[in-house]
Amino acid sequence: MTALLEVRQLEVVYNRVATAIQGVSLEVPEGSIVALVGTNGAGKTTTMRAISGFLPSEDAEITDGEITLRGERINGRMPHQLAKAGVILVPERDKVFSTLSVQENLAFAGREGGAITIERIHGYFPLLRERGTQLAGYLSGGEKQMLAIGMALLCRPTLLLIDEMSMGLAPIVIKDLMEKLQQISRELNLTVLLVEQNAKAALSIADHGYVMESGRVVFTGKAAELMTHPDVREFYLGGAGQAENKSYRDIKQYRRKRRWWG
Amino acid sequence: MEFVATVVILTCTYALLAAGIVILYKAGRVVNFAHGEIAIVGGYVFYSSGMMFSGGEMSPWLAVLGAIVFSVIMGAFIYATMMRRVVGEPFYVAILVTVGIAIVLKSAIIVIWRAQHLTIDVGIAPAIRLAGGATLSYMDVASVALTIAFFIALYLFFTFTRLGVQFRGTAENPLLASQRGVNVNLVLSLAWIIAVLAATLSGVLYGGRAFLSTESVTIGLAGLTAALVGGLDSLRGAVIGAFVVALAQYLTVRLIDPVLSEALPFLILLVVMSIRPWGLFGTVEELDRV
Amino acid sequence: MARAGTNLRTSYLESNEVLRRPYQKVLVGLILVAAVLLPGGSSDYFLHLINLCLLACIGALGLMMLTGFCGQISLGHAAFLAIGAFTTVILTVHLKLPFIVVVPAAAVTGAMIGFLVGLPSLRFRGVYLAISTLAMHYAIIFVATTYQAKFSASASAGITIPDPTIGPLKISGAPTWYYFLLVLLTFITIGCVNLVRTRPGRAWMAIRDRDIAAEALGINLTRYKLLAFMLSATLASVSGSLMAYYSNVVTVEAYTLDLAVIYVAMIIVGGMGSILGGLMGAFFITLLPYGIEHLFEFLPRAWRFGSTVFGVQVGAVGVCIILFLLLEPKGLAEIWRRTETYFDRWPFRYRPLDTTRR
Amino acid sequence: MGLEIENLKLQFGGIVALNGVSFKADDGELVAIVGPNGAGKTALLNCINGVYRPTAGHIRLDGRDLTTVPVDKIALAGVGRAFQHGEMFPHMTVTENLMVGRHLRMKSGIFASALYFGRARREEMEERKTIERIIDFFELYRYRDTLTGDLPYGVQKMVGVARALALEPKLLLLDEPSTGLMREEKENFARYLLRIRHEMKVAIIWVEHDMQMVTDLADRIVVLNYGEVIADGVPDVVRRIPKVIEAYLGAD
């Protein structure tokens, strides 16, 4: 009994025919940041949705395996039940209510009596105080992400799931947000599962990393180790072998094949 | 005075229908084409449950009870068995499902009530005599009062209560709302129940003033027009739209040709849509949503 | 194995074929032969039902092109049918024009009205478009009602139309009508199939799937949306005109909103975006009430009376719409396709190396 | 000649999406546009493409003013666009999607097509051959008859680029074509991009987030921030401009 969240041999099937992920296992220890990286279509988001109970709305179902939170089986629960249990997701798109104001967004989630108050959120993200009365739909990408994280924190999460935090943001904003997230996680002893395409950014703040490919976990290990793993570097971090950042102009003109199987 | 009474009652009838359509639209981006049918069936249920045990004499309390039970069951049933499953499908699926519901309800009127023309008479004698020989029954007065109360309650609910804000959030993004701890199924069932309740009230109003039959389901289309004229996402617009439609319909029947009155709401609609397609109080963005 | 070779195509012409597998060609041939031989062995009543189906097919194909392929939802189809019927009335009763002139004239009138009804589609999408077609429906029906009130002998009887003649040939009686309609429907179906697999059909489907991307590729939305409306209205109008000749009577009461919904039901039950589906749906929904009537004959006497049968007939259409939308959104065409693949693959569960559709 | 954008402004309600954007792209030039989300990159493409009508300013292609031309006529003038999320027609196969891209180069009308005889049929076959060349270029053979809705995301985006290219454009607009692709797919895409640039005389406007790709491949980089151009030049110069580092790149 160590990990807060455990996923064992998870299999998800879409529309009763297409297997999206197969035999995925992960562990998220209490108080740590775990990164789940991989490209689009690798099954990261499906894994995330399975954990947060979103699958039925996508006509998908968990056909095998189990998900446990503090040893208690949680697969098949409704999203709002999971939210009450502390599993809070920041989705990739539509992460804020764009027709409500920033304040209303925060109030939507906020419950009385939690350790995290709106004051504290404003402390982390002062911009949200400034934009309080503005409609959330008019915020920039980075500000929306801040609001979404703020909203999620107000739901008193025990496990925070963040889907594609860096998507479409400027490198400078990504760096800033990643550092903020690390700070928040430390200060609140918050457990975070980060799903990212931007492997470099995610692994830089994570303790552990999982790499997914075609619906399976293909690499796992300490984040620092993954960062130096030659295959991970070549295919996800953009640097083959020793040469850091090989230029796109030097690519070979035949189709390259992946080295591992499955 | 007859004129005022008729238009007021007609406005209430349409406003209730339009309000239901607006609520359903706001909650789930569904445009309900079955609202007229629901209203008329509600009226029939009101009548039948009032008549059930009292042998020819209407018992208002039983009738009200029957109507409420009907609304709760009907609203929850439609949502749970049908509308819950069309989330995420192309927009036309939800609309056509409601068209299907409309047909089934119509057939229910034929099979269960033999499509008979009924006028709801609660048995409270008309009391208020207005100048010009028109009468206003207590039932009419009660209905108008109920309609006003209904709208005030809705307004308070959406602006001031936490559930109301959650409702608005759910309307925009159900997935996110459910992730923030809102039971979306409960909220949307509630929306359907409120909408069916409003429709039933409107059916009773209409049944008391005119009569219930398979033809009177066209009030649903008038209600839909009212909602569109006012703006599909505006409750305030629903009332104004209802007034516009009711007034125009009354005037056409009186002054031009009763046959035209059926086509009339749509002619108004065509005019409004060509000038201001999102309705008098609606928001422009809604045009692209559905 | 012969079956393995059926997916192999060696020319572009073949890759654009409609019936790609040999057995499909055989099947279509058999159906046509059976269709030609049908009147020999069946009663007039049965042929009459089939004729109604064939008429419905023409109208349903029209709606299918508009809604199923171009994605423009229309609740005004009954009005298009009415346009055909009333054009026929005006041209035969008042001007005494022959059949051979009247039907094309109805088609042209239909196209013109389709153009008008299609105009809102340039500005609206989705629900708003559906409602604007609904509005058009009421406007057209209002005009038709006024006309009928003025010119029919009695208000409720409708207007009678004589049997049509082409030269010396008089089209009357179920078998003659049957052959006439069969030939016409065959041509219309072939035309629709050709449209769908060529430039205009692709433009329509592109508009249906992503209108902005379609426009960015240079498809003129105005032109193609209006073309779809015109084609749809033309087919409906032809169907309405023939229906008027076939039943010898036109009355505005027949063209209700419910009729429009019945046509929508046909394309839903058949399967959106499939010509075959349009035909199957038209047959299914047209025969449904007659099937229900027959079923009621097995019930005790008390049930057969009153309005119960009628009520159930009405309700069945609604139930079909709901069930198909929720359980089999791609309709009968999809059921047929699944059966086809099942036999195609037999005895295997999966077809190896095949990701293609159809 | 190429594309010329002059002082472009775009406002929605009170929000200024573009505020006086000017730059040029010559024939055969690969111009990358970078900037944070909300900087107005997609809005800019939408303006060039005609989806949005700019509040002020001019867009010229080969000297012709396209500012007020409707979307489909802009395609006719030679602007092809690949969308951010592919925007495939999901119920059509890859071949059919590409054939839609050939729409403008075809002529058969509704009657000829309904008969499917003679010229209409010949034309259909001709264009089918053209499509085959594009399929070959983008190595899409195995997906020829797959419904695009069923394709992996990366392939969908490539089909999107192929479809825009089927138009035979003079100007190609690419909206974040490599977002969501893995390194291997990005390398393939880089190959296609270089080939397009070398083999066809098109100007390419390329909105991109991957700074490495941009610096390696682009001829010029235009950096947008809050609707304004803050830098425009050769990659190696642009990435050293302090303003760019401050607003977008961050100190590395």
Side-chain angles (χ1 to χ4, degrees), chain C residues 7 9 11-18 20 65 68-69 71 111 187-224 226-228 230-231 234 272-274 330 353-358, chain D residues 49-51 70-76 79-81 83 86-93 95-97 99-117 120-121 123-129 131-132 142-150 160 163-164 166-167 173:
Chain C
N7 285 338
R9 290 171 223 132
S11 78
Y12 296 133
L13 203 58
E14 271 177 45
S15 85
N16 215 17
E17 262 179 12
V18 180
R20 296 183 173 190
M65 296 309 281
F69 287 96
F187 277 113
I188 289 175
T189 310
I190 292 173
C192 287
V193 168
N194 282 339
L195 277 178
V196 166
R197 61 173 166 163
T198 49
R199 184 172 179 255
R202 282 192 300 265
W204 284 329
M205 288 191 270
I207 293 171
R208 173 193 68 189
D209 287 354
R210 298 254 193 277
D211 53 354
I212 293 178
E215 208 177 5
L217 290 170
I219 293 170
N220 187 334
L221 293 192
T222 310
R223 187 185 158 81
Y224 278 95
L226 288 179
L227 269 179
M230 286 165 77
L231 174 66
T234 306
M272 288 278 188
S274 155
K330 287 179 188 162
L353 294 176
D354 190 296
T355 50
T356 62
R357 66 166 175 175
R358 293 180 187 129
Chain D
N49 192 212
V51 177
V71 184
D72 55 312
K73 297 295 178 301
I74 287 186
L76 190 63
V79 178
R81 173 166 181 189
F83 289 87
E87 299 286 309
M88 292 289 96
F89 308 124
H91 305 291
M92 300 165 86
T93 63
T95 324
E96 284 172 326
N97 263 275
M99 287 292 268
V100 175
R102 294 298 295 169
H103 182 86
L104 276 178
R105 308 286 157 198
M106 298 173 73
K107 285 183 197 68
S108 7
I110 184 162
F111 291 109
S113 297
L115 294 175
Y116 192 55
F117 194 74
R121 188 171 182 153
E123 186 184 61
E124 199 75 16
M125 295 305 113
E126 279 304 311
E127 295 304 332
R128 188 66 185 69
K129 268 181 221 161
I131 290 310
E132 206 56 34
R142 54 180 290 213
Y143 303 116
R144 234 181 239 129
D145 288 331
T146 314
L147 294 185
T148 40
D150 301 340
R163 196 177 64 183
L167 205 71
L173 307 175

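Quick caveat: nothing in here was measured; it's all calculated off a predicted structure. Letters go in sequence order (proteins before strands), and every chain restarts at 1.
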Below 3.5 Å, can you tabulate the donor-acceptor pairs from side chains in residues 211-220 of chain C to any protein atom, sequence neighbours excluded?
from, atom 1, to, atom 2, distance (Å)
C:D211, OD1, C:R125, NH1, 3.1
C:D211, OD2, C:R125, NH1, 2.7
C:N220, OD1, C:T222, N, 3.2
C:N220, OD1, C:R223, N, 3.3

Using distance only, find each side-chain donor-acceptor pair of residues 106-114 of chain D under 3.5 Å and give its atom names and separation, not counting sequence neighbours.
from, atom 1, to, atom 2, distance (Å)
D:S108, OG, D:E123, OE1, 2.4
D:S113, OG, D:G109, O, 2.8

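Taking CG of C:D209 as the reference point, atom CG of D:N97 lies at 8.0 Å (rounded to 0.5 Å).
Side-chain atoms of D:M92 and C:R202, non-hydrogen and from C-beta on, do get closer than 4.5 Å to each other. Using a 4.5 Å heavy-atom threshold, the side chains of D:E127 and C:R199 count as separate.
Looking only at heavy-atom pairs under 4.5 Å with chain D, the residue among C:T198, C:L231, C:I190, C:V193 that has the most is C:T198. Per-residue counts of heavy-atom pairs under 4.5 Å with chain D were compared for C:G273, C:P200, C:A203, C:A206; the largest is that of C:A206. Chosen from D:L104, D:V79, D:L76, D:T95, the residue pairing most often with chain C at heavy-atom distances under 4.5 Å is D:L104. For the set D:E87, D:R144, D:H103, the count of heavy-atom pairs under 4.5 angstrom toward chain C peaks at D:H103.
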- Message: C:R210 vs D:F83, test: side-chain contact (heavy atoms from CB on, under 4.5 Å). Steps then yes/no.
- Response: CA-CA 11 Å; C:R210 298 254 193 277; D:F83 289 87; over 6 Å; no

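Contact annotation for D:R121: only side-chain heavy atoms (C-beta onward) come within less than 4.5 Å of a heavy atom of chain C. Using a 4.5 Å cut-off between heavy atoms, C:Y224 contacts chain D through its side chain alone, with no backbone atom that close. For chain C, the nearby part of D:V51 is the side chain; its heavy atoms alone come within less than 4.5 Å.
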